[in-house]
2 protein chains.
Amino acid sequence: MSAKPDSANGRKNGLSRATIIAAAIDILDAGGQSALTFRALASRLSTGSGAIYWHVADKDALLSAAADRVLSEALAKVARDLDPVEGLRQIALSVFDVIEARPWVGSEIAREPWQPAMAELFEHCSARFADLGVPQAALFPCVSALTQYILGAAAQTAAAAQHGFATSDQSTVLDAIVDRWMDRNPVDYPYVHLLADQMRQHDDRAVFLVGLELIVAGAKAMSQRQDVRP
Amino acid sequence: MSAKPDSANGRKNGLSRATIIAAAIDILDAGGQSALTFRALASRLSTGSGAIYWHVADKDALLSAAADRVLSEALAKVARDLDPVEGLRQIALSVFDVIEARPWVGSEIAREPWQPAMAELFEHCSARFADLGVPQAALFPCVSALTQYILGAAAQTAAAAQHGFATSDQSTVLDAIVDRWMDRNPVDYPYVHLLADQMRQHDDRAVFLVGLELIVAGAKAMSQRQDVRP
DNA sequence: ACCTGAACACCGTTCAAGT
DNA sequence: ACCTGAACACCGTTCAAGT
């Protein structure tokens with residue numbers, strides 16, 4: 001259907017799949033998901049909206065490719081010679097930081113996991129977990145859970161951050177949410193009230209890292225438990 | 001803006017916020033996200049599309065309310081008298097199962113976390129974690145990480161499942177992905193190749209539970225480390 | 001106060017027609 | 001083979017007009 005021989009470049013115009021995706025990324029970075037329109041893209045590339053369909057199957061494919069490109073680049077930069085735990089931290093943070101900087105990547109990943117970049121992430125995490133001593137039989141579920149945490153948590157914080165986008169700054173938005181939660185009966189929701197201040201002052205990145213630490217610690221504990229036997 | 005006194009019901013027609021949300025849920029369950037249209041909703045309620053705007057601010061609010069309603073109902077059913085670990089398992093599974101049964105809830109949660117039901121989830125998880133011995137100062141990041149895992153992982157598996165929706169059955173879709181991953185060089189991606197079979201045969205729900213176990217184990221380990229001191 | 005439905009602005013996608 | 005741009009079908013949302 002959309003198989004395109006990668007023969008250098010498009011002919012008539014400078015149009016090519018790569019050019020289109022790059023332009024799409026620019027638009028997404030500048031104006032968010034709602035700004036990416038075939039009309040906007042066409043006018044930025046000085047072409048007709050129909051021309052884009054010659055190189056890209058549809059909007060889903062375009063978004064997929066854009067997110068994948070950005071994620072792949074970020075993952076490629078992660079150092080490969082760190083100790084396991086620090087390696088995992090770097091991988092996770094690189095994903096988190098990309099998604100925080102470009103929230104549209106988070107939404108796209110949430111809508112369509114299993115893009116090619118996932119293989120990169122998967123490979124990278126597997127290697128570190130194996131170094132950590134996780135037995136081969138338990139490797140898949142551990143890695144799978146970790147990547148789901150990384151992508152899911154990053155996507156959510158990005159979505160949350162995106163909501164306080166033009167209305168006001170991030171902290172005010174969070175304050176409003178906390179305030180609404182505080183309306184609930186303290187008898188029924190003691191912990192919501194107890195933790196309100198921690199919630200107000202929390203740092204998304206730090207919380208994200210705690211979750212990573214928990215998973216890694218859990219994996220370590222599990223692998224020890226299983227290594228002791230034989 | 002959208003403040004509506006809950007005065008029993010709407011007047012002229014049987015229209016009310018609750019009726020509208022219920023109808024929206026029916027449509028979403030039957031036809032997925034793309035089926036929910038103001039026109040479809042209006043015709044199902046035998047009214048004009050404009051009438052809906054009297055009770056609901058816009059489509060985002062409608063989706064929010066629908067997802068929140070479904071999630072709240074699921075969370076309300078979870079037993080509250082279990083031991084901490086089993087309690088956490090039940091909460092997590094109830095969310096996972098809802099999102100698997102109604103994938104549109106997952107997409108909506110990914111797009112707009114912090115809905116009222118989140119307070120429910122947050123409270124519930126906090127109590128179990130506290131029972132588990134997590135010190136108060138560490139409670140927020142732990143609970144936050146856990147809820148992010150639960151929602152993120154559930155949303156992702158739902159999105160993945162949704163993709164093999166009419167094209168073919170779930171396993172075939174996954175096979176196709178694995179096949180594409182296998183095209184990569186085994187020297188550069190040894191773990192992708194090593195774990196391909198595990199990936200092909202994995203069960204989403206079981207993997208989800210492993211992730212939960214890891215986080216809980218990590219939290220337990222962490223709280224012990226800090227409890228030993230004083 | 002609540003409902004109606006035509007109208008508006010804006011999408012993604014297609015396709016006959018060009019080069 | 002690749003590009004053009006008008007046309008199609010379909011959205012969310014608004015609003016004058018009704019009751």
Side-chain angles (χ1 to χ4, degrees), chain A residues 1-25 27-28 30-67 104 107-108 111-112, chain B residues 1-25 27-28 30-67 104 107-108 111-112:
Chain A
M1 287 299 166
S2 73
K4 202 92 279 301
D6 251 342
S7 61
N9 226 341
R11 276 290 126 72
K12 299 246 175 129
N13 221 327
L15 221 56
S16 73
R17 203 180 142 85
T19 324
I20 291 170
I21 291 169
I25 290 173
I27 292 176
L28 286 163
Q33 319 192 200
S34 62
L36 182 61
T37 289
F38 272 80
R39 280 164 241 260
L41 193 52
S43 96
R44 172 182 255 267
L45 293 166
S46 328
T47 184
S49 29
I52 296 163
Y53 283 89
W54 185 261
H55 302 274
V56 172
D58 55 13
K59 201 183 181 183
D60 275 7
L62 182 60
L63 273 166
S64 256
W104 56 270
S107 316
E108 180 47 28
R111 214 177 47 78
E112 200 153 355
Chain B
M1 289 294 166
S2 73
K4 206 87 275 302
D6 251 340
S7 61
N9 226 340
R11 278 288 128 73
K12 300 248 174 127
N13 221 328
L15 220 55
S16 74
R17 202 181 142 85
T19 325
I20 291 170
I21 292 168
I25 291 173
I27 293 178
L28 286 163
Q33 318 193 200
S34 62
L36 182 60
T37 288
F38 272 81
R39 278 164 243 260
L41 192 53
S43 97
R44 171 183 256 267
L45 293 165
S46 329
T47 182
S49 28
I52 296 163
Y53 283 89
W54 185 260
H55 303 273
V56 172
D58 55 12
K59 201 183 180 184
D60 276 6
L62 182 60
L63 274 166
S64 256
W104 56 270
S107 315
E108 181 47 28
R111 212 176 49 77
E112 201 151 353

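Not measured: the values here are computed from a predicted model. Residue numbering restarts at 1 for every chain, and letters A, B, ... go by the order of the sequence lines.
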Side-chain (B:K59) to main-chain (B:F38) donor-acceptor, under 3.5 angstrom: no

Reported CD1-to-CG distance for the pair A:I21 and A:L63, which is rounded to 0.5 angstrom: 10.5 Å

Gap separating the CD atom of B:E108 from the CG atom of B:L62, nearest 0.5 angstrom: 9.5 Å

Contact state string [nucleotides 6-11 of chain C, B base, S sugar-phosphate only, - no protein heavy atom under 4.0 Å]: -----B

Pairing pattern in dot-bracket form [Watson-Crick, G-U; both distances under 3.5 Å; | = partner strand] for DNA chain D: ||.|||||...|||||.||

Proximal nucleotide (of C:dC3, D:dT13, C:dG12) relative to the B:Y53 side chain: D:dT13

Expected output: side-chain B:T37 to main-chain B:A40 donor-acceptor under 3.5 Å: no

Closest non-hydrogen atom pair, A:I27 against A:A35: CG2-O, 3.5 Å

Heavy-atom pair with the smallest gap, counting every atom of B:L15 and B:H55: O-CE1, 3.8 Å

Pairs touching residues 49-58 of chain A that satisfy salt bridge (charged side-chain N to carboxylate O under 4.0 Å, His left out), sequence neighbours left out: none

D:dC3 phosphate, OP1 or OP2, under 4.0 Å from A:W54 side-chain N/O: no

Residue whose closest nucleotide on DNA chain C lies nearer the 5' end, A:D60 versus B:G48: B:G48

